[in-house]
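Read the structure below first, then the notes.
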Protein chains: 2
Amino acid sequence: MVDQLSRVFAALADPTRRDMVARLTEADHTVGDLAAPYDVSLQAVSKHLKVLEDAGLVTRTRQAQRRPVHLEAEVLDLMTKWIERHRRRAEERFAALDGVLAQMQDDEQPHPTQQEGTAS
Amino acid sequence: MVDQLSRVFAALADPTRRDMVARLTEADHTVGDLAAPYDVSLQAVSKHLKVLEDAGLVTRTRQAQRRPVHLEAEVLDLMTKWIERHRRRAEERFAALDGVLAQMQDDEQPHPTQQEGTAS
DNA sequence: GCTCTTGTCAACCAGGTGGTTGAGGAAGGT
DNA sequence: ACCTTCCTCAACCACCTGGTTGACAAGAGC
């Protein structure tokens, strides 16, 4: 069993599943409803839904013989948080590096020593 | 060939690769350097790096016999934008739904007609 | 010119993924 | 009761993935 974050990323790595999620942001849909635009069997769509469900992105409730699919958008926050946390760290480092480079230029050393500055 | 957004999501769907990205936010690393903490062969790490590179998350420059790996954090914005766009749409809909539900309660109809309201 | 270090490439393997078809379960309509 | 609609489960398939090992390319150091 893999962690949820991995499952969410993996679930959204497929264009068909991303499109389903996109459509589910606007309204709940039944399986057949969801499947209509895609040129694959209903069973294939059902499988995609299972992937989204295992990732926690979607819930299927029973309603007569229909199984309306509902988006659980909060799970997206898991990803946003991970991404933002690391993007911010990266940006801070790049900002710091820019500072160092600016400092180096200010010093105006006569022998620029092109490479070797990337260590930390 | 698949689109970049799919490749980025897929790249981050692996915990080892996410950890590499996390470490690369703090400093550039060589391949062997990156591989050290993981209990897999250097070749496996090299493969992970290739996945990250194909997704545009990372660049490898040549420096003597070493190949320092550098994070390209801007690509993360691709994902953030996709996620935020859809999360916002979903939230708007839920807010609208809450409004409808509140309205329904205010009206206090004797026959609530549970379903059928999901069309748009 | 050897040798050591660093990393990639190629071949292979087990297991997962996304698709198919066929069978069948669960509710509603008649 | 029976049929129809909506959907899932099971088996099968081709291909991808993440790991392995072995060979080898590219530079640095002697």
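Throughout, protein chains are lettered first and strands after them, A, B, ... in sequence-line order, and every chain is numbered starting at 1.
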For residues 44-53 of chain A, which side-chain N or O atoms pair as donor and acceptor with protein atoms under 3.5 Å away, sequence neighbours left out?
{"from": "His48(A)", "atom 1": "ND1", "to": "Arg17(A)", "atom 2": "NH1", "distance (Å)": "3.1"}
{"from": "Lys50(A)", "atom 1": "NZ", "to": "Asp54(A)", "atom 2": "OD2", "distance (Å)": "3.4"}
{"from": "Glu53(A)", "atom 1": "OE1", "to": "Arg60(A)", "atom 2": "NE", "distance (Å)": "3.2"}
{"from": "Glu53(A)", "atom 1": "OE1", "to": "Arg60(A)", "atom 2": "NH2", "distance (Å)": "2.7"}

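Put simply, CG on Leu52(A) is 13 Å from P on dT17(C), counting in whole angstrom units. Between Arg60(A) atom CZ and dA26(C) atom C1' there is a gap of 15 Å when expressed in whole angstrom units. dT8(C) atom P lies 10 Å from atom NZ of Lys50(B), rounded to whole Å. Between Leu34(A) atom CG and dC6(D) atom P there is a gap of 14 Å when expressed in whole angstrom units. Remark: C1' of dT8(D) and CD of Glu53(A) are 12 Å apart, rounded to the nearest angstrom.
Partners of Arg89(B) by salt bridge (Lys or Arg N to Asp or Glu O under 4.0 Å), not counting sequence neighbours, listed by chain and number: Glu26(A). Remark: Asp77(B) pairs with Arg87(A) by the salt bridge (Lys or Arg N to Asp or Glu O under 4.0 Å) rule, at least two apart or across chains. Contacts of Glu74(B) classified as salt bridge (Lys or Arg N to Asp or Glu O under 4.0 Å), with partners at least two apart in sequence or in another chain: none. Residues meeting the ring pair (Phe, Tyr, Trp, His ring centres under 6.0 Å) test with His86(B), sequence neighbours left out: Trp82(B).
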Would you tabulate the nitrogen or oxygen pairs shorter than 3.5 Å linking the protein to nucleotides 16-26 of chain D?
{"from": "dG18(D)", "atom 1": "OP1", "to": "Arg17(B)", "atom 2": "NH2", "distance (Å)": "3.0"}
{"from": "dG18(D)", "atom 1": "OP2", "to": "Arg17(B)", "atom 2": "NH1", "distance (Å)": "3.2"}
{"from": "dG19(D)", "atom 1": "OP2", "to": "His48(B)", "atom 2": "NE2", "distance (Å)": "2.3"}
{"from": "dG19(D)", "atom 1": "N7", "to": "Lys47(B)", "atom 2": "NZ", "distance (Å)": "3.0"}
{"from": "dG19(D)", "atom 1": "O6", "to": "Lys47(B)", "atom 2": "NZ", "distance (Å)": "2.2"}
{"from": "dT20(D)", "atom 1": "OP2", "to": "Ser41(B)", "atom 2": "N", "distance (Å)": "2.9"}
{"from": "dT20(D)", "atom 1": "OP2", "to": "Ser41(B)", "atom 2": "OG", "distance (Å)": "2.7"}
{"from": "dG22(D)", "atom 1": "O6", "to": "Gln43(B)", "atom 2": "NE2", "distance (Å)": "2.7"}

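Between Ser46(A) and dC7(D), a side-chain N or O to OP1/OP2 separation shorter than 4.0 Å is absent.
If you take CG on Leu5(B) and CG on Leu78(B), they are separated by 6.0 Å, rounding to the nearest 0.5 Å.
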